[in-house]
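Before I ask anything, let me first share the structure, which is written out below as structure tokens.
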Amino acid sequence: MYVGQPIRRREDVRFLTGRGLFVDDVQMTQPIAHAAFLRSPHAHAKIRSIKTERARGLPGVLTVLTGADWVRQGHGEADGVWPVNDRSGKPARTVNRPFICVDNVVRCVGEIVAMVVAEDRHQALDACEAIEVDYEPLPANVVTAKALDAGTPLVHPKFGTNEVLETYHGNKAVVDEAFKKAHHITKLEVPTNRVTASPIEPRAYMGHYDPLNDRYTVWTTHQAPHIVRQYFTRSLHIPEHKLRVVAPDVGGGFGMKLYHYPEEPLVLWGAIETERPVKWTGTRSECLMGDTHARDHYTVGEMAFDKGGKILAMRFKTLAAFGAYESQWQASITNAYHFTMLSLAYDIPGIFTQVKGVYTNCTPVDAYRGAGRPETVYQVERLIENGAKEMGIDPFELRQKNAIPPEKIPYTTAIGITYDSGDPPELFRKMKKLCNYEALREEQKKLRAQGICMGIGICGFFDMAGAGPVKMMNDLGAKIGCYDVASVRVHPSGKITVFAGSHSHGQSHATTWTQIAADRLGIPIEDIELVEGDTDRVPFGIGTWGSRSLSTAGVAVAVAAGRVIEKAKKLAAHMLECAPSDLVIENGQFIVKGTDKKIAFAEVSNAAYHSGDRPKGLEIGLEETAFYDPTDCTYPSAVHLCVVIVDPETGHVKLRNYWSVDDVGRVINPMVFEGQVHGGCTQGIGQALMEECAYDPSSGQYLSGTFMDYAIPHATDIPMFGVESHVTLTPSNPLGAKGGGESGTIAAPACISNGVIDALYHFGIRQITQPMTPKKIWRAIQDAKAGR
Amino acid sequence: MYAFNYHRPASVAEAVKILKASSDGRCLAGGMSLIPTMKHRLSSSSDLIDLNGIKELSYIRREGDQLVIGALARHVEIADSAEVKKSIPALAALAGGVGDPQVRNRGTFCGSLCFADPAADCPAGLVGLNGTVITDKRRIAADQFFEGLYETALEKGEIVTGVSFPIPEKAGWAKFANLASRYAIVAVMVAKTGGTARVAVTGAKASVFRVAEMEAALAKNFSAAALDGIKVSSAGMNGDLHGDPDYRANLVSVMAKRAVQAS
Ligand SMILES: Cc1cc2nc3c(=O)[nH]c(=O)nc-3n(C[C@H](O)[C@H](O)[C@H](O)COP(=O)(O)OP(=O)(O)OC[C@H]3O[C@@H](n4cnc5c(N)ncnc54)[C@H](O)[C@@H]3O)c2cc1C
């Protein structure tokens, strides 16, 4: 068995030796031309004029294109993959993110105003500087909490408001009743900071048009090549059968590389105009500014408890920033992933939430690892933590008291989502042992007496992963079908190529998908190879996002491999003169049970292609494709706990310990799973302690344009993680796998915030918003000491 | 990046000649400050004079009662040098805390002095340790070297060849790093020599500065307790995403004490 083994990553040889093939590495026989973009320096401005003559005359310049050219040529826009939906009955106020400014108003810093294509990058940049744009700056609105206040500048004046949509969910009557009879109510402002994924590989695209064959090719840093191919039919109106999209090695996506970004159709447009391959690789600054940002929710919440610490109900009001335009998947957060998971790991009878999407003059917001759930867990877990402290109940105990008992699972939350499997009390019990909770509390007391501020942070949650089934996701607003696809092609010699509609940009599919296939096929993993990320080679695919690949594409691999084996067994039985049910497959051999009669897999596969002696009706060839639509989403759950030491003199937080107990169902490769938890937690640590896409509130200028100002964790900021798992299988797919890609980003922000507040509660500190930077923590301590 | 002419001289004399002949030339040492500004198109030069071919600038040695460091000594070499660790361990600590390993592998102490970044560590090292900058034509005392934000006493066409330090009885370094850049939000070098003490602060203002009140207190009693109650005013201090002036003023007091404790 390969499944369950910590097999080394088969892709690591090329990655660890620096020999992957990323978009920027792709070479062509024809010399590659380079695109550069002139971007708005203003958060909000009217464009009076654009003069490109001087730029056109500079050395090496092949073309200069603006929004006027885009409109003149009749090109289109990218509408929502997950469009907004207003539950209050108002029309949704959609303005799609433009590829290039077409209406002479720029609405966020970094919006593209013109594109230059030149022989080399430096010439293209020189020409950008030579374009003269006459801007009339307009007042900007960059503060989410104030977006709907009277007098706030409007991003899209035609709507008369900055509100994009309103949505609400839950059982309001139950909630209102519960608050009336509550023994204790905790109320808190729980905003979530604006961050961005910042993968190691910046976004990059290359477009090519071959006029002889009338074929288009795009190389792209993308998580879902087939989806983006379809969106090219809307941006540049390219017939789907004439376009090949290749997403080669991609250095991290995290949801952020899931959209039809402006630069993507623009480079292909440039290629069509110049009949040259055209490439653009984003600089770090362009990416920090132009990659979708994430989170940025302003939320106020209340939680009602009974005397014993049972949570009776909770209610929230959220303003969810959209940024200047609606990005393609933004409503997967506001209309699907955010509100659905509010119950976390707890049995809470009453939940009500109202969410208003708002436009601000900032970079568009979209999904980033966790998409909506980091916000959810943060807002609920902060209330639980403070509630427990206010009532004088140990916060771990209060959570255990409210954890959904296994006998109640399947459990339908007050929001209406049904968790199909899991055992939260067991996760808490395991955690208590793992971290030695009582000893930690003792240590905390001892250290506090010495003036050392130690804090313990806890959180528990359920995730909704594995996007699918198609119908459920359609009902939640997805316009794309959420299933996935795999083909298993057995070559005559018995070697196998697996094609999958998922895309690995760090997830290790070349290892884990072949582990699954090898077990199903009963042949060595070395005989199997995986192909992903090329629309000309892979039949179709919905791509990798939302911790879905394993429970959709991974299961499709298992299903297709199962079909291959069924067929191969028929042929093998025919060759061995037995019944298919008499056969077992082991180590590349079909063996007749209880005998020494056997035949090699390779002999059978050869016969499948070349032998006329087949059972009646059995088709030639050995290749199967499965389009797999799961029966439900998956519901991974986890409990995380951390220890922080806060330096009260400087406000610095040292994260001393971090433990997790995750239930992700069947684990295909424990090493890969652990890596996913480590990576996710690290990004969550960044969100909690340092990351922030900051805007100057008065000018709207973007302040986090380089890594000198946008802080991400360094290896030295990260403790050794203690990762454990507790497996309950999901009934929703034959592997029983739930998906473990997002647990860290979902849990760590809440967990660490609770830890920091726990460390400082004795100063009278009740809340510090994220990121909890040293300056903010120090200020909170000063304010608390001064009684402010 | 804008186009420029590239030179790689083999001696200081040759470098000076090329620099003087250029219309707007600049030296290139580790490139850890200069290259990023060029990449961002924030600076341009007619000529880049790459000093990395000048062997005579790569040294760290003890000369009598002075520790002398050549213009091409990298942060990592200073941090790892047995001579530095023996003579002025606080200087090794400073160099070992600059940026990250990649930056330390290329960046130079003298390049940092020439760039005079308000958040750089090395200026506090020079001033706190009362060093002397050696150029192709003169010696400049620490207190005369820095003239403000990115401003030094160097003249056009002048090349730094090294820096020398007297050996203090005691010195200590404490840095509070910016989580993003790992430059100093505030860092302090303290040193005691005979009956005098120096306290040099970087990161807090446009340029490195000394704190007279702390120096007086430490001259009498070189201990962290001597600094109790000494507050510095936040007037004129930097305010940015990572810290407002009050926060930086607080850090000056905290880091000064920790520097003394580290000495
Ligand atoms: C990510 C990052 C983090 C960093 N963190 C820190 C930090 O924590 N603390 C810190 O102090 N610094 C930090 N630095 C800066 C680093 O220390 C640089 O190495 C240093 O500031 C400049 O030295 P250099 O040799 O790289 O000089 P260069 O970049 O080559 O040159 C800098 C300037 O000095 C001039 N110059 C260089 N040498 C001479 C010379 N001999 N004579 C005349 N002029 C000269 C150049 O013309 C140029 O104007 C960081 C840099 C980066 C990129």
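In what follows, every chain begins at residue 1, and chains take the letters A, B, ... in the order their sequences are listed.
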Are A:Asn193 and A:Gln687 close enough that a side-chain donor and a side-chain acceptor fall under 3.5 Å?
->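 Indeed, the side chains of A:Asn193 and A:Gln687 share at least one donor-acceptor pair under 3.5 Å.
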Using non-hydrogen atoms only, which part of A:Asp717 is less than 4.5 Å away from chain B: side chain, backbone, both, or neither?
->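 For A:Asp717, the contact with chain B is made by the side chain alone.
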Contact winner vs chain A - B:Ala119, B:Ser181, B:Pro36, heavy-atom pairs under 4.5 Å =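 It is B:Ser181.
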Using the side chain to side chain donor-acceptor pair (under 3.5 Å) rule, take A:Ser704 and A:Glu692 through it: C-alpha gap first, then chi angles, then the decisive distance, then the call.
-> CA-CA 7 Å; A:Ser704 326; A:Glu692 182 170 30; over 6 Å; no
Please determine, among B:Val186, B:Ile185, B:Leu179, the option with the most heavy-atom pairs under 4.5 Å with chain A.
->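 If we count pairs closer than 4.5 Å to chain A, B:Leu179 comes out on top.
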Residue selection (most heavy-atom pairs with chain B, distance under 4.5 Å) from A:His652, A:Arg779, A:Glu129 |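 Option with the greatest count: A:Glu129.
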Side chains of A:Ser198 and A:Tyr368: do they bring a donor and an acceptor to under 3.5 Å?
->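 No, no side-chain donor-acceptor pair sits under 3.5 Å.
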Using the ring-ring contact (aromatic ring centres under 6.0 Å, His included) rule, take B:Tyr183 and B:His242 through it: C-alpha gap first, then chi angles, then the decisive distance, then the call.
-> CA-CA 11 Å; B:Tyr183 272 89; B:His242 312 286; over 10 Å; no
Which atoms of B:Leu251 come close to chain A, meaning under 4.5 Å heavy atom to heavy atom: side chain ones, backbone ones, both, or neither?
->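 Contact with chain A is through the side chain of B:Leu251 alone.
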In terms of side-chain geometry, is the basic nitrogen of B:Arg182 or B:Asp100 positioned less than 4.0 Å from the acidic oxygen of its partner?
->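 Answer for the salt bridge query: no.
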A:Thr283 versus chain B, the contacting section by heavy-atom distance below 4.5 Å |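 No part of A:Thr283 comes within 4.5 Å of chain B.
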Determine the interplanar angle of the A:Trp778 and B:Tyr247 rings, folded into 0 to 90°, and report it as parallel if under 30°, tilted if 30 to 60°, perpendicular if over 60°.
->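 A:Trp778 vs B:Tyr247 ring planes: tilted.
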For each of A:Asp647, A:Asp696, A:Leu689, tally heavy-atom pairs with chain B at distances under 4.5 Å, and name the one with the top tally.
->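 Among A:Asp647, A:Asp696, A:Leu689, the one with the most close pairs to chain B is A:Asp647.
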Does some side-chain heavy atom of A:Glu286 sit less than 4.5 Å from a side-chain heavy atom of A:Glu263?
->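 A side-chain contact is absent here, since even the closest heavy-atom pair is not under 4.5 Å.
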Heavy-atom contact with chain A under 4.5 Å, split by part of B:Asn178 |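 For B:Asn178, the contact with chain A is made by the side chain alone.
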Do A:Glu649 and B:Arg258 meet the salt-bridge criterion of a basic N to acidic O distance under 4.0 Å?
->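 Salt bridge present between B:Arg258 and A:Glu649.
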Chain B contact via A:Ile712 - side chain, backbone, both or neither, heavy atoms under 4.5 Å |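 It is the backbone, since no side chain atom gets that close.
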Check each atom of B:Arg248 against the heavy atoms of chain A and say whether the ones under 4.5 Å are side chain, backbone, both or neither.
->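 When you check distances to chain A, no heavy atom of B:Arg248 falls under 4.5 Å.
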Could you look at A:Thr773 and say if it's the side chain, the backbone, both or neither that has a heavy atom under 4.5 Å from chain B?
->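 For A:Thr773, neither part sits under 4.5 Å from chain B.
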